[in-house]
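The structure appears below as structure tokens.
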2 protein chains.
Amino acid sequence: MHAECTLGSSASFPSGVCGIYAGHRFVGETYSHECYHAGLRSQLMDIREIASRAKVSTATVSRTINRVPTVDPQLAKRVWKVVDELGYYPNSVARSLVSGRSRVFGLIVSEITNPFFPEIVQTFENLAVQNNYEILLTSTVYDSKRMELSVRRMIERRVDGVAILTFGMEDSLIEHLHFRKVPLVFVDVGPNLPRVSNICINYKNGIRQAVQHLAALRHTRIAFVSGPPHLKSALARRRAFEESMEEIGLDPALIVVGDHTVEGGIRALVEIAGKRNRPTAVLCSNDMTAIGVMGEAYQRDLEIPRHLSVVGFDDIRLAQFMIPPLTTVQMSQPELAKIAFDALMNEVERDEPLRGRTDYQMNTNLVLRQSTALAPQRATTRHSKS
Amino acid sequence: MHAECTLGSSASFPSGVCGIYAGHRFVGETYSHECYHAGLRSQLMDIREIASRAKVSTATVSRTINRVPTVDPQLAKRVWKVVDELGYYPNSVARSLVSGRSRVFGLIVSEITNPFFPEIVQTFENLAVQNNYEILLTSTVYDSKRMELSVRRMIERRVDGVAILTFGMEDSLIEHLHFRKVPLVFVDVGPNLPRVSNICINYKNGIRQAVQHLAALRHTRIAFVSGPPHLKSALARRRAFEESMEEIGLDPALIVVGDHTVEGGIRALVEIAGKRNRPTAVLCSNDMTAIGVMGEAYQRDLEIPRHLSVVGFDDIRLAQFMIPPLTTVQMSQPELAKIAFDALMNEVERDEPLRGRTDYQMNTNLVLRQSTALAPQRATTRHSKS
DNA sequence: TTAATCTCGCAACTCCATTTGCAACTTGCC
DNA sequence: GGCAAGTTGCAAATGGAGTTGCGAGATTAA
């Protein structure tokens with residue numbers, strides 16, 4: 001008898017299955033023997049196997065596993081013992097079929113490789129695990145076919161709710177989901193319908209802080225690199241910038257159109273660097289843009305923050321590892337994920353749907369790091385054309 | 001009749017469901033009327049609904065949807081029309097139950113927020129979509145409870161295969177999966193068992209290139225920041241470094257133990273910077289470590305690459321956006337994901353399992369960017385203590 | 001002792017799509 | 001006309017767990 005379960009040698013397998021339910025160890029001999037017979041029928045054990053081995057009915061096994069309080073503790077113990085020894089795991093496919101609930105939440109993002117999302121996915125998964133849910137992660141990659149597929153996949157798998165964290169979703173697709181009474185949660189763009197939750201982001205707060213921070217550092221020529229113009233959240237950020245600038249009497253006209261990508265940031269800096277009377281600070285609509293700006297600045301020997309201050313938006317995890325670490329407006333991804341998850345859970349557990357949308361609020365805040373500094377004096381401005 | 005499907009007003013809903021199958025539009029009147037009756041029974045449409053509406057049997061609907069070639073094209077057309085108009089999506093939960101295959105692959109990673117993984121997840125998902133699979137993404141977050149849970153979740157959901165891209169998985173857990181005849185794919189550490197695939201990474205190739213690249217730039221004192229010592233892949237990288245150094249007659253003794261995190265990289269640079277006869281180049285066991293090294297170098301006014309050359313490993317997407325862009329050894333994540341996915345597909349489609357493990361090979365290669373340069377002359381070495 | 005209360009087993013039915021054997025039907029072809 | 005081949009319908013069964021009504025047995029309370 002081996003002291004450990006090892007996988008390398010074929011001789012040691014099957015040496016028994018270590019129960020995951022309660023951590024009990026299985027007695028090898030009986031197991032491989034019995035399973036041989038059971039195995040002939042089809043595959044492995046089902047609820048009936050457990051029932052016959054524990055000498056109870058399938059109903060009792062079902063009650064035990066689902067922790068119905070009326071089962072006799074003695075019996076329950078017997079059942080759990082068998083479950084544990086055999087390493088029985090209830091088939092959640094069958095469970096879903098009968099219960100009509102899959103215990104799966106869909107999560108639609110635009111691209112998993114966009115650094116904004118992994119943190120969200122992680123938090124979402126953590127919450128899912130805690131609540132015995134799974135997540136069905138889907139990305140649209142900015143492609144309408146893929147969006148359609150995303151929705152189809154969600155519906156086919158009968159998810160219990162969907163968090164739509166991407167933008168530019170077509171209404172007809174959302175209608176598909178809503179028609180099937182699937183709870184939905186959106187960021188900013190949630191329609192006013194039953195079973196819909198909407199997370200409203202307060203962009204203004206963080207952006208105002210950023211603008212005032214720059215102003216305090218004596219920057220007056222502050223550029224803004226926007227996101228794609230069709231994106232509602234990008235527009236909101238831009239508006240927040242304009243309002244914040246006007247609030248303190250600065251000119252908000254220095255706006256360069258970006259696209260929320262690193263490449264967009266690079267192009268933006270090219271444009272900004274070419275301006276006469278070059279801005280001394282750049283506020284970016286997201287961190288990826290800021291990363292592009294910083295990269296291109298490096299290539300042009302524009303030192304950050306000495307020659308140019310840069311502020312991002314989102315506070316993706318990598319912002320703090322940039323060189324220099326990026327000052328940015330934090331829109332907490334874990335918080336966003338938690339709100340989204342809780343919104344779906346609330347909706348799932350609600351007895352009867354509300355009349356309309358449920359709203360949630362989320363704030364944004366400036367995080368100071370090292371990519372901002374006092375505005376350079378006129379005289380020391382590099383590449384000055386005047 | 002509205003020209004568009006809009007979601008805002010309740011009056012326009014339900015205005016019909018835009019078919020996703022073929023993109024046909026539905027005729028509103030009949031729909032809401034009929035669905036009202038159908039809705040009384042339970043929820044929505046099932047295969048019987050389709051059958052009765054198309055005036056065929058459920059068997060025919062099933063054959064049609066599953067594209068059995070013997071169905072009459074006329075009939076098929078009629079069925080598809082109804083399917084399309086009603087926006088019917090077959091219930092894959094029920095399908096899975098009857099077929100015994102869930103069309104879900106598990107994907108176990110250590111942390112989704114580790115930048116190494118998103119690219120893999122994205123590629124994996126793309127392949128899954130192409131093959132009508134879903135992915136069940138699970139993270140272990142270096143916690144044994146979570147590992148156990150990961151395995152349990154995979155088994156309960158009856159996944160058709162699992163890609164285990166994390167390390168330090170306990171054998172007993174793997175046994176659980178293997179016992180249930182679930183195809184598995186590993187990186188480096190796959191046991192020699194049926195239905196197991198193993199992706200062997202050729203670390204040596206890329207690391208040798210990196211070492212020789214540094215040597216060619218006249219670096220002789222090259223440090224290595226290793227990964228966690230218990231990690232097999234980290235050990236392999238370290239061995240590859242040692243061998244590559246010895247090959248060309250350099251001393252491979254300058255090894256600092258890291259842990260594959262940014263913080264580990266920071267600590268490593270602190271240690272390296274404190275050495276007398278400081279190394280002029282650092283090769284890191286992964287990119288996160290290199291990012292930490294670069295960050296700390298920045299804080300200490302050590303300029304990269306002028307005073308110190310840095311090379312990473314993995315080539316995560318962000319490596320190219322570092323300042324300066326990071327020279328690193330590429331271990332292509334999309335390729336890895338593709339090999340893993342294909343391995344699972346091969347295993348699923350195989351009629352009878354092979355006797356033992358299937359091996360796949362993957363190479364690594366140096367990618368030159370801007371974090372390496374000629375070794376500084378003795379005279380200009382900063383912080384020189386001699 | 002009798003009645004009331006529990007707990008459990010039994011067996012049938014549900015969820016939904018798929019599969020299958022058998023019967024009925026339509027074709028085509030000799 | 002008649003036989004063969006090809007389609008389709010029908011009805012029953014499958015998959016695994018959950019649910020339920022009913023009745024048997026055991027326990028407790030009155």
Side-chain angles (χ1 to χ4, degrees), chain A residues 38-39 41-79 82-83 86-104 132 155-160 180, chain B residues 38-39 41-80 82-83 86 88-104 132 155-160 180:
Chain A
R41 192 153 48 82
S42 64
Q43 276 281 14
L44 282 162
M45 43 259 159
D46 58 4
I47 208 175
R48 278 165 300 187
E49 263 302 301
I50 305 297
S52 75
R53 278 165 195 263
K55 298 193 188 8
V56 296
S57 69
T58 60
T60 304
V61 177
S62 174
R63 288 182 201 121
T64 305
I65 288 177
N66 292 296
R67 304 208 137 77
V68 174
T70 62
V71 282
D72 179 55
Q74 283 285 323
L75 256 195
K77 206 172 160 188
R78 213 163 78 210
V79 172
V82 176
V83 163
L86 257 63
Y88 166 74
Y89 293 61
N91 183 331
S92 56
V93 176
R95 278 178 178 231
S96 298
L97 184 61
V98 63
S99 72
R101 308 228 268 123
S102 60
R103 295 198 80 84
V104 173
N132 266 301
I155 296 177
E156 286 192 349
R157 298 275 169 182
R158 300 298 192 264
V159 296
D160 294 341
R180 287 175 175 76
Chain B
R41 192 155 45 83
S42 63
Q43 275 280 13
L44 284 161
M45 45 255 156
D46 58 4
I47 207 175
R48 281 165 298 186
E49 264 301 303
I50 306 297
S52 75
R53 279 163 195 263
K55 300 196 187 7
V56 296
S57 68
T58 61
T60 304
V61 177
S62 176
R63 288 182 200 122
T64 306
I65 288 177
N66 292 294
R67 306 206 134 77
V68 173
T70 62
V71 283
D72 180 56
Q74 283 286 321
L75 253 196
K77 205 171 161 188
R78 212 164 78 211
V79 172
W80 282 119
V82 176
V83 163
L86 256 64
Y88 166 74
Y89 293 60
N91 183 332
S92 55
V93 176
R95 285 178 148 194
S96 297
L97 184 61
V98 64
S99 72
R101 309 228 267 123
S102 60
R103 296 198 81 84
V104 173
N132 266 300
I155 297 177
E156 286 191 349
R157 298 275 169 181
R158 299 299 192 265
V159 296
D160 293 341
R180 287 174 175 76

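In the text below, chain A, chain B and the rest are named by the order of the sequence lines, each starting its count at 1.
Not one side-chain nitrogen or oxygen of Asn91(B) sits closer than 4.0 Å to the OP1 or OP2 atom of dC15(C). For Arg95(B) and dT18(C), the shortest distance from a side-chain N or O to OP1 or OP2 is below 4.0 Å. At the phosphate of dA17(C), OP1 or OP2 sits under 4.0 Å from a side-chain N or O atom of Tyr88(B).
Atoms CG (Asp72(B)) and C1' (dA5(D)) sit 15 Å apart, rounded to a whole Å. Note: CD1 (Ile50(B)) to P (dA17(C)) measures 9 Å, nearest angstrom. Note: CZ (Arg63(A)) to C1' (dT7(C)) measures 8 Å, nearest angstrom. Nucleotide dA17(C) holds its C1' atom 15 Å from the CD atom of Glu49(B), rounded to whole Å. Atom-to-atom, CG of Asp46(A) to C1' of dG18(D) comes out at 13 Å; the value is rounded to the nearest Å. Taking atom CG of Leu75(A) as the reference point, atom C1' of dT27(D) lies 15 Å away to the nearest angstrom. Rounding to whole angstrom units, CZ of residue Arg103(B) and C1' of dA17(C) are separated by 15 Å. dG16(D) atom P lies 15 Å from atom CD of Glu156(B), rounded to whole Å.
Note that CD1 of Ile50(B) is 11.0 Å distant from OG1 of Thr64(B), once rounded to the nearest 0.5 Å. In this structure, OG1 on Thr60(B) lies 9.0 Å from CZ on Arg78(B), to the nearest 0.5 angstrom. Rounding to the nearest 0.5 angstrom, the gap separating the CD atom in Glu156(B) from the CZ atom in Arg95(A) is 6.5 Å.
Contact annotation for Val71(B): backbone-only contact, meaning every heavy-atom pair under 4.0 Å involves sugar-phosphate atoms and none involves a base.
Met45(A) and Leu86(A) make their closest contact through CE-O, 3.3 Å (heavy atoms, listed as atom of the first residue, atom of the second, distance). When all heavy atoms of Val159(A) and Ser102(A) are compared, the closest pair comes out as CA-OG, 3.5 Å.
Looking at heavy atoms from C-beta onward, Arg158(B) lies out of side-chain contact with Ser92(A) at the 4.5 angstrom threshold.
Among the nucleotides dG9(D), dG9(C), dG18(D), the one closest to the side chain of Ile47(A) is dG18(D).
A donor-acceptor contact shorter than 3.5 Å links the side chain of Asn91(A) to the backbone of Val93(A).
Residues Thr70(B) and Leu97(B) each lie close to DNA chain D; by heavy-atom proximity, the contact nearer the 5' end of the strand is made by Thr70(B).
Shown for residues 54-62 of chain A: residues whose heavy atoms fall under 4.0 angstrom of DNA chain C, namely Lys55(A), Val56(A), Ser57(A), Thr60(A).
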